[in-house]
Amino acid sequence: MGILHKNTILERMGETKYQKKLLVTPILDDDQIGPASIDVRLGSSIIVPKRTYVGSQDVTDPEIISQVERRLYEKIKLKYRTPFILHPSQLILGVTFEYISLPFDIFASIVSRSSWGRLGLVVATASVVQPGFKGALTLELCNMSESPITLYPGLTIGQLVFYDVPSKASKEMYKGRYDCPTEAGLPQFFKTKSDNEMSFWRPRNEGI
Amino acid sequence: MSNSTPNGSAIITKALLLLQKIKQRILQIDDTQFPTEFSSTVKNILVNVLDNLSEAPKKWDPSPTAFHRQVLQIQELVNHLERSSNDYVLWPVVNYFNSIWLELFEGGRVHVFFSQSTQHNYSIYNFSDKLFRKLNPIIPEAEIQKIIDSEIYCLQLASLEEDNIPLYANVAHEFGHVVYNRYQSDIADIWSGLNKKILEDIKNEIENEKNLQPQIKARRNKKILAILTGFIKEITSDIVGALLLGPNFFLSLYEMSWGFNNSNWYAILTPALQLIKSYPSFNFRLEGLRKIAHLDEFCSELNAYIVKHDLSTICKVPDKNFLSLALSKKDEIIVSPESDSDSVPIKKILDNKMEDIKVSIKNFQSSVSDFLIKKLSKSISNIDPSDISELILRLHQRIPPNIIPNGSVFGKPAEFPSILLAASIYRLSLLSNNNLTQQMDTINELDRIERLTGKAFEVSYIQKEFKEWKKVERNFNGNTS
Amino acid sequence: MIMNNLINSTAYGDWWSHLESINHTIIKVLNEERATALNDLDRERLHALIEFLTESYSSKYSDDATTSEFLSKLNETRLSFVPDINLLHCLREAESFKKWQSRSKLGFEKKIQKLIENIQKYMSSSKGMLFLKDAPNDEFKILKELIEKLLAKSQSFLY
């Protein structure tokens with residue numbers, strides 16, 4: 001299993017059959033494609049958590065999760081050329097400008113660009129993109145510095161690195177909780193079978 | 001009721017307090033969230049109006065109850081301004097249509113701002129005129145002209161617009177109303193050559209009504225003329241819609257007609273002549289448009305590409321059978337409200353003349369279409385069917401329809417009308433193949449199409465702007481290096 | 001519950017405002033304690049009333065939908081009202097109109113014409129101010145009664 005370099009990336013992007021095609025669209029500038037990665041930009045959809053009254057974010061409790069969804073988040077659609085100020089310690093959910101489609105034999109990870117990292121901006125804590133995923137990627141953006149950072153939709157904010165999956169590996173495609181997302185997405189708990197096990201870890205009324 | 005009576009001055013005081021609150025509300029609207037500058041222009045006009053209104057009781061001594069009512073009515077316009085921010089309207093779509101507007105009405109003296117309606121319908125109105133009418137009973141006209149010094153229209157997008165993206169094509173029809181206003185006298189000349197006999201017959205029919213005051217006969221005649229003019233306006237707007245967006249507009253109008261009696265024509269009477277509205281039947285409009293939008297030829301070419309991409313089982317191109325309209329019902333006109341004593345006699349007259357009216361309007365349709373093609377320097381929008389088939393394929397693959405493959409790695413950015421048409425055709429195909437057992441799958445697929453199409457609009461708009469900027473930057477760097 | 005007169009945003013509400021604003025001017029004319037002269041807004045309201053009366057009592061047909069006169073009327077910013085009201089009947093029933101010029105033996109149509117002419121004469125009488133002391137009181141009393149009837153009828157369209 002290896003990292004795809006530029007030639008392979010371009011080859012897979014030029015593939016005509018969609019099942020085999022690696023898609024990152026649109027690419028505004030050829031320079032976005034580096035030796036072994038593609039730069040991605042910040043999109044216009046943002047979710048801003050508010051300071052408001054919710055119980056602690058206990059993901060094993062569906063009732064609390066739905067409260068959190070209703071009360072905690074504000075969805076914003078920024079116009080391009082409009083600044084968004086990210087304050088110290090503030091976390092927001094952004095989205096990539098680009099829409100990504102991975103074939104069954106490629107998976108990707110998204111990493112921060114070091115220049116942003118040096119300013120204190122952490123991009124994408126949940127970084128792995130499964131084979132078969134289609135959608136715009138939600139980015140968890142957090143300002144770890146001591147001063148506010150100004151963000152603009154369209155700025156290159158992260159990098160996608162691609163890895164090939166051995167052909168004898170499972171051809172199971174992504175069947176996750178996020179269905180072709182095009183905007184920043186809220187956390188989605190209790191949407192897949194594996195989430196049902198969370199109730200196992202909750203306290204029970206009788207003693208163990 | 002006079003201003004000097006206790007009630008009169010109390011009402012004025014209430015109205016002035018309301019004015020103050022409305023002004024505060026307007027000042028808090030965030031200009032940076034407007035998709036175009038013309039919303040800011042409207043904001044400034046409204047603030048100016050409210051400042052002038054706060055002086056009006058002292059200067060002009062208007063009727064207190066009329067003053068109170070008109071101040072309340074201005075809130076409607078403030079609602080429209082509030083709903084013109086990015087929170088309500090999809091800015092790539094707004095910017096796209098704004099660029100069409102600027103092309104149509106170059107010279108820049110007539111502007112438009114976009115707002116989201118609370119109703120699920122598209123409409124356009126002259127904001128400047130509406131504001132004038134709200135102020136007319138309480139401020140002298142010369143003063144109003146000083147305050148409202150520009151002509152601005154408000155285009156209202158349907159509520160839940162993001163859930164009905166293909167219906168955006170209706171915006172082109174609304175622009176048609178403004179085109180009609182601009183070329184009204186030329187269009188009227190075209191119509192006048194075709195309607196002399198109908199008008200003569202109508203006048204005779206009214207005249208033959210026994211025991212009816214001449215004044216009421218004259219009033220009914222005026223209303224009928226306003227109704228006929230309304231039909232012409234709608235037909236002209238349809239043609240503009242087809243010229244700007246081709247088959248898109250036809251399909252959008254077709255979808256809007258679902259669930260209605262498509263043989264009904266409508267006339268809505270009001271006490272103000274200028275506000276009488278009328279609409280030809282959907283059947284009549286669609287049948288005429290079908291030819292002007294070159295729909296059948298386009299669908300036949302598209303079908304060849306659909307077959308080539310092996311999409312026939314997934315996407316059924318609207319063909320003649322799919323779009324066949326129920327033309328067997330006899331057209332009739334519904335005149336409302338029933339409480340208006342003119343409605344029943346007007347209905348009787350127009351029903352009697354319906355076939356003649358249809359013939360005249362059909363002839364008008366083809367003449368005015370030639371006129372508009374020349375005047376607007378536009379042919380029916382040239383959309384390549386092979387591009388549409390590629391975009392439909394992308395939608396089927398759950399990818400935004402923003403790029404057309406052209407052999408290069410990155411492909412060619414798709415244009416707005418192509419994106420809209422691909423989404424529209426694929427969506428119509430899904431809806432027509434829908435059965436109850438697969439309903440949930442269809443709903444999910446439709447939702448995906450809407451989101452992917454919205455994403456395609458956004459990124460293709462930015463891609464176009466970025467490319468133009470890059471070109472300028474390259475030229476600049478080329479010149480300075 | 002707010003009165004429909006205030007919240008009705010249709011053309012029927014606009015018609016009500018139109019009448020209400022005219023009524024206010026007529027009351028001013030008949031009550032000289034309030035002012036000595038009419039201002040620009042008052043003049044416009046009276047012009048609007050005269051125009052409405054002239055149009056309503058005219059039995060002239062528009063000959064052609066395409067005559068520029070009719071089309072420019074449809075395009076006018078200022079609204080032209082054609083309410084569903086029998087104006088002749090309203091005037092015929094007005095007590096003040098019945099009493100006015102009762103000795104002159106003018107026919108009904110001629111009386112209406114004379115009423116409109118007298119108001120028009122007053123409005124064009126001076127180049128500057130329209131002084132209330134010069135206003136023809138009897139004619140304005142007729143207008144007041146007429147407008148009040150129209151206002152009462154217009155209420156029914158608001159509900």
Side-chain angles (χ1 to χ4, degrees), chain B residues 1-4 59-66 68-70 72-73 76 126 128-129 132-134 136-143 181 184-185 188-189 191-192 195-196 199 203 206 213-219 221-223 225-226 228-229 232 269-275 339-342, chain C residues 2 5-18 20-25 27-28 31 33-35 39-45 48 56-68 70-71 73-89 154 156-157:
Chain B
M1 179 178 296
S2 72
N3 203 347
S4 65
K59 272 184 172 172
W60 309 113
D61 186 26
S63 152
T65 35
H68 190 200
R69 179 187 178 266
Q70 299 315 99
L72 278 167
Q73 295 300 316
E76 182 198 355
N126 188 320
S128 311
D129 278 0
F132 176 96
R133 287 164 185 167
K134 290 197 190 294
N136 199 210
I138 53 176
I139 297 183
E141 285 184 21
E143 293 300 309
N181 288 345
Q184 199 185 203
S185 54
D189 287 342
W191 176 227
S192 74
N195 69 2
K196 280 196 167 40
L199 294 181
K203 199 160 64 165
I206 296 175
Q213 280 175 25
Q215 288 79 7
I216 294 181
K217 288 181 184 180
R219 184 180 78 206
N221 192 53
K222 274 186 214 163
K223 286 182 175 178
L225 294 180
L228 292 175
T229 309
I232 297 310
L269 302 179
T270 74
L273 210 54
Q274 291 85 350
L275 300 181
S339 54
D340 190 318
S341 65
D342 292 333
Chain C
I2 301 178
N5 311 43
L6 298 179
I7 58 174
N8 184 307
S9 58
T10 67
Y12 295 96
D14 293 338
W15 168 234
W16 182 87
S17 269
H18 183 74
E20 180 55 44
S21 62
I22 292 171
N23 194 36
H24 181 71
T25 295
I27 289 171
K28 216 189 279 190
N31 179 4
E33 289 165 34
R34 291 210 43 237
N39 61 36
D40 288 346
L41 179 64
D42 296 317
R43 276 173 183 271
E44 277 178 16
R45 300 287 88 215
S56 302
Y57 288 115
S58 160
S59 54
K60 184 182 152 205
Y61 280 61
S62 297
D63 283 332
D64 189 335
T66 62
T67 55
S68 35
F70 183 75
L71 276 177
K73 187 149 225 87
L74 278 188
N75 234 24
E76 258 175 25
T77 308
R78 203 185 310 125
L79 292 175
S80 311
F81 289 102
V82 286
D84 178 27
I85 288 170
N86 189 334
L87 274 160
L88 287 183
H89 178 76
S154 75
S156 63
F157 291 118

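In this text, all values refer to a predicted model and were calculated from it rather than measured experimentally. Protein chains get the first letters and strands the later ones, always in sequence-line order, with residue 1 at the start of each. Values below: all heavy atoms of this structure, side chains included; hydrogens, waters and symmetry mates excluded.
By the ring pair (Phe, Tyr, Trp, His ring centres under 6.0 Å) test, C:Tyr12 is found to be paired with C:Phe157, residues two or more places apart in sequence or in another chain being considered. B:Asp340 pairs by the salt bridge (Lys or Arg N to Asp or Glu O under 4.0 Å) definition with B:Lys223, not counting sequence neighbours.
Looking at C:Ser156, there are no atoms closer than 4.5 Å to chain B (heavy atoms on both sides), in backbone or side chain. When heavy atoms are compared at a cutoff of 4.5 Å, B:Ile232 does not approach chain C at all. For a residue to count as touching a neighbouring chain, one of its non-hydrogen atoms must lie under 4.5 Å from one of that chain's; by this rule C:Leu87 does not touch chain B. For chain C, the nearby parts of B:Glu141 are the backbone and the side chain; heavy atoms of each come within less than 4.5 Å. Proximity to chain C (any heavy atom under 4.5 Å) is shown, for B:Ser185, by neither the backbone nor the side chain. Both the backbone and the side chain of C:Arg78 come within contact range of chain B, with heavy atoms under 4.5 Å apart. Only the side chain of B:Leu275 comes within contact range of chain C, judged by heavy atoms closer than 4.5 Å. Residue C:Ser17 touches chain B through both its backbone and its side chain, counting heavy-atom pairs closer than 4.5 Å.
The residue among B:Ser339, B:Pro271, B:Ala272 with the most heavy atom pairs within less than 4.5 Å of chain C is B:Pro271.
Using a 4.5 Å heavy-atom threshold, the side chains of B:Lys203 and B:Lys217 count as separate.
Taking a cutoff of 4.0 Å between a charged side-chain nitrogen and a carboxylate oxygen, B:Glu76 and B:Lys134 qualify as a salt bridge. Salt-bridge annotation for B:Arg133 and C:Asp14: absent, with no side-chain N of the basic residue lying under 4.0 Å from a carboxylate O of the acidic one.
Using modelled atom types and a 3.5 Å distance limit, the side chains of C:Ser80 and B:Gln274 yield a donor-acceptor pair.
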